[in-house]
Amino acid sequence: MARDADIVVLGETHGNPEHHRVQAAVVAALVPAALVLEMIPQDSEAAVNELRAHGADRATLAAALEWSETGWPAFDFYAEILEAAPQAQVFGAGQPPADVDRAMLEGAAGVFGPDAALYGLDQQLAPEEQAAREQAMATSHCDLIAVETLPGMVEAQRFRDAGLADATLWARVMTGGGQVVVIAGSGHADRQRGMPAMIALAEPEAKVVALGQVEGAVDPADDFDVVLRAPAPPRDDPCAALARSRE
């Protein structure tokens, strides 16, 4: 199924070693023309590709990306994925934090710009869908987020999804229609609410396969072609950390 796809979206729970191992194994098996990573800023992709072309090691890539300042899990997780497809062109889909903040306040469409309609950002979500996404956002943040901020968080998520979709379609163009593998959180990989839904709007003929990787029970509202489960690694309680940050 994945071998015949134009776009393969490999979701993850950030920092889960098994999820990243699966991603690297799939990338190695597919040998895609391009890799699109949520974790790499768009304005850093040229530097990453140049460094890769000159055989840069993990430490050099991590330093160029100022990885230790990003808040993402250890770079080794993603280096393994990059190394699984050494000839792939890398595309960054990370959006500037200032733009994400603006999307929360002003709405995704205005911040995204002229192509907003291509990805459906000019259309409001149906009330029931808006409510469902706000509830999902609240649950994922341990119900510690003020209710009035939830609509803005949904807009920020839509903005990020559109950025992922846009980078993916650009990768298709730049590789002459080559296969693209996308590395992103599983929420972005959801076929109904994530970037595959935006790909379906912008390029309906593209064949997309989406893998969701989770640590617990699958939400019935989630929509993936394939779902894999792996135990959560030892980590600090994220709800406790979020609660402390709000004190």
So, the side chain of R191 versus the backbone of F224: is there a donor-acceptor pair under 3.5 Å, distance only? no
Is there side-chain contact between V214 and V227, with heavy atoms separated by less than 4.5 Å? yes
Value for CG (L169) from CE (M198), rounded to nearest 0.5 Å, stands at 11.5 Å
Kindly say whether A59 contributes a backbone atom to a donor-acceptor pair with the side chain of W67 at under 3.5 angstrom? no
Just verifying a value: how many Å separate M153 CE and M104 CE, rounded to the nearest 0.5 Å? 5.5 Å
Can you classify the ring geometry of F77 versus H20 as parallel (below 30°), tilted (30 to 60°) or perpendicular (above 60°)? parallel
Rounded distance [0.5 Å steps], CG in L51 versus CG in D57: 9.5 Å
Is the shortest side-chain heavy-atom distance between R58 and E80 below 4.5 Å? yes
Do V226 and V8 share a hydrophobic cluster (ILVMFWY, side-chain heavy atoms under 4.5 Å, transitive)? yes
Report yes if some heavy atom in the side chain of H14 is under 4.5 Å from a heavy atom in the side chain of E38; otherwise report no. yes
Linking I/L/V/M/F/W/Y whenever their side-chain heavy atoms sit closer than 4.5 Å, directly or via other members, would V26 and I7 fall into one cluster? no
Quick one: does E66's side chain have a donor or acceptor within less than 3.5 Å of a partner on A64's backbone? no
Does any part of the side chain of L211, heavy atoms only, come nearer than 4.5 Å to the side chain of V22, both counted from C-beta? yes
Under 4.5 Å between any side-chain heavy atoms of Q124 and Q130, yes or no? no
Hydrophobic clusters here meaning ILVMFWY residues chained together by side-chain heavy-atom distances under 4.5 Å, can you tell me if V173 and Y119 are in one? yes
Do you see a donor-acceptor pair shorter than 3.5 Å between the side chains of N16 and Q213? no
Verdict with supporting geometry, L10 and I81, side-chain contact (heavy atoms from CB on, under 4.5 Å): CA-CA 11 Å; L10 302 179; I81 298 167; over 6 Å; no
Side chain of E45, backbone of I40: donor and acceptor closer than 3.5 Å? no
So which atom in A93 and which in L164 form the shortest heavy-atom distance, rounded to 0.1 Å? CB-CD2, 3.5 Å
More than 12 heavy atoms of other residues, nucleotides or ligands under 6.0 Å from CD of E83: yes or no? yes
What do you reckon, is CH2 of W72 surrounded by more than 12 foreign heavy atoms closer than 6.0 Å? yes
If we only count heavy atoms from C-beta on, is the F75 to L82 side-chain gap below 4.5 Å? yes
State plainly whether one hydrophobic cluster holds both L30 and V209, where clusters connect Ile, Leu, Val, Met, Phe, Trp and Tyr through side-chain heavy atoms under 4.5 angstrom apart. yes
Is it true that a side-chain atom of D190 and a backbone atom of D223 form a donor plus acceptor pair closer than 3.5 Å? yes
Closest non-hydrogen atom pair, V9 against P196: CG2-CG, 4.3 Å
Starting at CD of Q42, measure out to CG of L37 and round the result to the nearest 0.5 Å. 12.5 Å
Do you know which two heavy atoms are closest between A88 and P32, and how far apart they sit? CB-O, 3.5 Å
Nearest atoms (heavy-atom pairs only) where L65 meets S44: CD2-CB, 3.6 Å
Separation between CG (D115) and CG (L121), nearest 0.5 Å, reads 10.0 Å
Are any non-hydrogen side-chain atoms of F112 and R158 less than 4.5 angstrom apart? no
Show the numbers, then the answer: is there a side-chain contact (heavy atoms from CB on, under 4.5 Å) between R193 and E129? CA-CA 9 Å; R193 295 179 176 174; E129 179 62 20; 2.7 Å; yes
Checking V208, V180, V181 against T168 for side-chain contact (heavy atoms from CB on, under 4.5 Å), the one that qualifies is V180
So with a 6.0 Å cut-off around CD of E215, is the heavy-atom count from everything else above 12? yes
If you measure from CZ on R160 to CG on D99, what distance do you get to the nearest 0.5 Å? 11.5 Å
Would you mind reporting whether Y78 and E12 have side-chain heavy atoms less than 4.5 Å apart? yes
If two hydrophobic side chains count as joined below 4.5 Å and joins carry through other members, does V182 share a cluster with V31? no
Ignoring hydrogens and angles, state whether a donor on the side chain of Q135 or T139 is under 3.5 Å from an acceptor on the partner side chain. yes
Provide the closest heavy-atom pair for A33 versus G178 in the form atom of the first, atom of the second, distance. CB-CA, 3.9 Å
Does the D161 side chain pair with the main chain of G194, one donor and one acceptor, at a distance under 3.5 Å? no
R3, CZ: over 12 other non-hydrogen atoms inside 6.0 angstrom: no
For Q157 and H188, run side-chain contact (heavy atoms from CB on, under 4.5 Å): C-alpha distance rounded to whole Å, both residues' side-chain angles, the deciding distance at 0.1 Å, then the answer. CA-CA 8 Å; Q157 185 79 346; H188 293 297; 3.6 Å; yes
Might you point out which heavy atoms bring G15 and P233 nearest each other, and give the distance in Å? O-CG, 3.9 Å
Residues M137, I145; criterion side-chain contact (heavy atoms from CB on, under 4.5 Å); working and verdict: CA-CA 9 Å; M137 195 66 69; I145 302 297; over 6 Å; no
